[in-house]
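Since the structure comes first, as C-alpha cells, the remarks are kept for the end.
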Amino acid sequence: MIKFLDLQKINAQYEQELKEAANRVIDSGWYLMGKELETFEQNYANFCGVKYALGVANGLDALRLIFKAYIELGGMQKGDEVIVPANTYIASVLAISDNDLIPVFVEPNNKTYNLDSSKLEAAITSKTKAILTVHLYGQNSIDQQMLDICAKHNLKLVEDSAQSHGALWNRKVSGSIGDAAGHSFYPGKNLGALGDAGAVTTNDEPLAKTITALRNYGSHKKYENIYQGLNSRLDEIQAAFLNVKLKYIKKDILERRCMANYYLEHIKNPAIILPEVLNEEGHVWHLFVIRTSKRDILQKYMNDNGVQTLIHYPIPPHLQKAYRHLGYKAGDFPIAEELAKTLISLPLWVGMDEKTLKVVTDKI
Ligand SMILES: *Cc1c(COP(=O)(O)O)cnc(C)c1O
C-alpha cells in the first residue's frame with residue numbers, strides 16, 4: 001500500500017537528532033516555558049520574518065487566541081463578524097465561533113480554492129471586524145485587492161497559516177503578511193511536531209503581549225490574572241523536536257515542489273482537473289488536490305490498486321451539524337459544495353521516491 005502520509009518514515013530521517021533532543025529535555029528537568037521554547041520562538045520568528053512568534057498548544061488555539069486577544073484589547077466584541085472561506089477546515093471556523101464572533105462564509109475561487117477577493121466586499125457589514133484568510137493546501141491566499149479591502153474597511157487580516165509554512169507572497173513569508181497568523185505543527189503538517197503544537201506570529205506588540213498572558217491562564221506574573229486565559233502552552237519536548245525539524249523545512253519545501261511538479265507534468269487524464277499554481281514560490285504543497293466528477297469511483301479504484309487517498313474536506317463548515325444554528329442549507333455556497341464533492345488528495349510527503357510517484361500517476 002502506498003500510504004497517503006508515512007510519518008514513521010518522515011521522522012526516521014531525523015531519528016538521531018530527535019532522540020538527542022528528547023534526551024536533552026528529559027535530562028533538563030524543565031518541561032514547560034523554557035529554553036527550547038524560547039529558541040524555537042526566535043527561530044520561527046526569524047523564519048517568518050516577524051517580530052513575535054509565540055508557541056501555543058496547537059493551531060486551533062493559535063487562531064482562537066488571536067481573536068480572544070483582539071476582544072481583550074477592545075478591537076472586537078461578541079457578535080462581531082469575521083469573514084472566512086466557505087471551504088476551509090473546521091478549525092478556522094471554530095476559532096471564530098469559540099469567541100462568540102460570527103463566521104461569515106465567502107466562496108473560494110474555483111481554481112485556487114482560496115478566498116475570492118472579488119466577493120469580499122459584498123459580505124462586509126458594519127459588524128465585520130476581520131478577514132480570516134486560509135492558505136489552503138499550502139498556497140498563499142492574499143492578494144493586493146484583499147489588503148486594499150482590509151485597509152478601506154478597517155478590518156484586521158488574520159492568516160490561517162496551518163498549511164503554508166514558508167509560502168511566499170511578494171517576498172513575504174506566510175504568517176508575516178496580515179496582522180497576525182495562526183500556525184499548526186500537527187504531525188502531518190509540513191512542519192510537524194511529534195504531537196500537538198502551534199504558534200501565533202505577529203508584528204503587533206500589544207497583541208503579542210496579550211497572547212503571551214492569555215496562553216498562560218491570563219497571567220504575566222504568577223498568581224496575578226489580568227484576563228480569563230487558557231492553558232495553551234507548547235511543551236519543551238515538542239519545541240525541541242521543532243527546533244530540529246525547522247532546520248530542514250526549506251529543503252522539504254523544494255522537495256515537495258519537485259513532487260508536485262512531477263504530478264503536474266505527468267497526470268494527463270482529461271477527466272482530472274489539476275491544481276492551479278499562481279506562482280511557484282507561493283505554494284508549499286501541503287496537499288496535492290485534484291478534482292474529478294468521478295471522485296468516489298477514482299478513490300475506490302486507487303484504494304483497490306494500493307494507493308491511499310484522502311478527501312480534504314468532504315463536508316463544508318456551513319453544512320456541518322455543529323453549525324446548524326446558523327441556518328445555512330445546501331446550495332448556499334455552490335462552489336464550496338462542488339469542491340467538497342469532487343476533490344481528492346494524492347500522497348505527497350518528503351521521502352516518497354519517483355517510483356512511487358509514477359505508480360500513483362499511472363493508476364490515475
Ligand atoms: C490543521 C489546521 C488547523 C488546526 O491546527 P491543529 O494544530 O490541528 O489544531 C487550522 N486550520 C487549518 C487550515 C488546518 O489545516
Side-chain angles (χ1 to χ4, degrees), residues 4-5 7 40 44 53-68 82-99 101 103 105-106 108 112-115 130-142 157-167 174-175 177-178 180-201 211 215 230-235 238-239 241-242 245-246 256 275 283-289 310-318 320 322-323 336 339-340 343 345 348-349:
F4 181 74
L5 178 71
L7 288 174
F40 177 66
Y44 199 63
L54 304 168
V56 297
N58 53 63
L60 170 58
D61 275 5
L63 294 166
R64 276 169 87 195
L65 284 163
I66 291 168
F67 291 109
K68 200 169 170 59
V82 178
I83 290 173
V84 64
N87 61 323
T88 189
Y89 179 55
I90 198 72
S92 325
V93 190
L94 290 170
I96 299 168
S97 61
D98 187 65
N99 282 295
L101 300 164
F105 299 108
V106 168
T112 63
Y113 315 138
N114 278 330
L115 265 182
I131 296 174
L132 174 55
T133 190
V134 183
H135 308 302
L136 202 65
Y137 310 142
Q139 178 152 239
N140 165 62
S141 62
I142 294 175
L157 181 59
V158 180
E159 297 174 67
D160 182 335
S161 297
Q163 303 189 354
S164 60
H165 318 84
S174 180
I177 311 163
H183 306 249
S184 167
F185 310 117
Y186 175 81
K189 298 286 157 83
N190 288 13
L191 177 59
L194 278 68
D196 275 314
V200 173
T201 55
I211 292 173
R215 72 175 175 186
L230 310 175
N231 173 352
S232 183
R233 300 178 293 223
L234 201 174
D235 304 358
Q238 296 303 340
F241 292 147
L242 287 165
K245 292 188 73 179
L246 184 58
R256 299 185 91 90
H283 207 324
V284 294
W285 299 103
H286 173 56
L287 295 169
F288 192 92
V289 178
L310 293 179
I311 312 295
H312 299 93
Y313 300 94
I315 307 172
H318 70 282
Q320 295 283 1
Y323 288 111
L339 294 178
L343 292 165
S345 309
L348 192 161
W349 41 270

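Atom set for the values below is all heavy atoms of this structure, side chains included, hydrogens, waters and symmetry mates excluded. This structure is a prediction, so every number in the text was calculated from the model and none was measured. When a ligand or atom number is given, it counts from 1 through the structure's own listing order.
- Under the rule for a side-chain hydrogen bond (donor to acceptor under 3.5 Å, both in side chains), the partners of Tyr44 that lie at least two apart in sequence or sit in another chain are His183.
- Shown here are the side chain to side chain contact (heavy atoms under 4.5 Å, CB included) partners of Tyr89, two or more places apart in sequence or in another chain: Ala91, Tyr313.
- Put simply, the side chain of Tyr137 reaches to within 4.5 Å of the side chain of Gln163, judged on heavy atoms.
- For His312 and Tyr113, the distance between ring centers is not under 6.0 angstrom.
- Checked against a 6.0 Å centroid threshold, the rings of Tyr323 and Phe105 do not count as neighbours.
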Exercise answer, ligand 1 polar atom pairs (N/O) under 3.5 angstrom:
{"unit_1": "ligand 1", "atom_1": "5 (O)", "unit_2": "Ser184", "atom_2": "OG", "d": "3.2"}
{"unit_1": "ligand 1", "atom_1": "7 (O)", "unit_2": "Gly59", "atom_2": "N", "d": "2.7"}
{"unit_1": "ligand 1", "atom_1": "7 (O)", "unit_2": "Ser184", "atom_2": "OG", "d": "2.6"}
{"unit_1": "ligand 1", "atom_1": "9 (O)", "unit_2": "Gly59", "atom_2": "N", "d": "3.3"}
{"unit_1": "ligand 1", "atom_1": "9 (O)", "unit_2": "Leu60", "atom_2": "N", "d": "2.9"}
{"unit_1": "ligand 1", "atom_1": "11 (N)", "unit_2": "Asp160", "atom_2": "OD1", "d": "3.3"}
{"unit_1": "ligand 1", "atom_1": "11 (N)", "unit_2": "Asp160", "atom_2": "OD2", "d": "2.7"}
{"unit_1": "ligand 1", "atom_1": "15 (O)", "unit_2": "Gln163", "atom_2": "NE2", "d": "2.7"}
{"unit_1": "ligand 1", "atom_1": "15 (O)", "unit_2": "Lys189", "atom_2": "NZ", "d": "3.1"}

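- Taking Asp160 as the reference, nothing meets the salt bridge (charged side-chain N to carboxylate O under 4.0 Å, His left out) condition, with sequence neighbours excluded.
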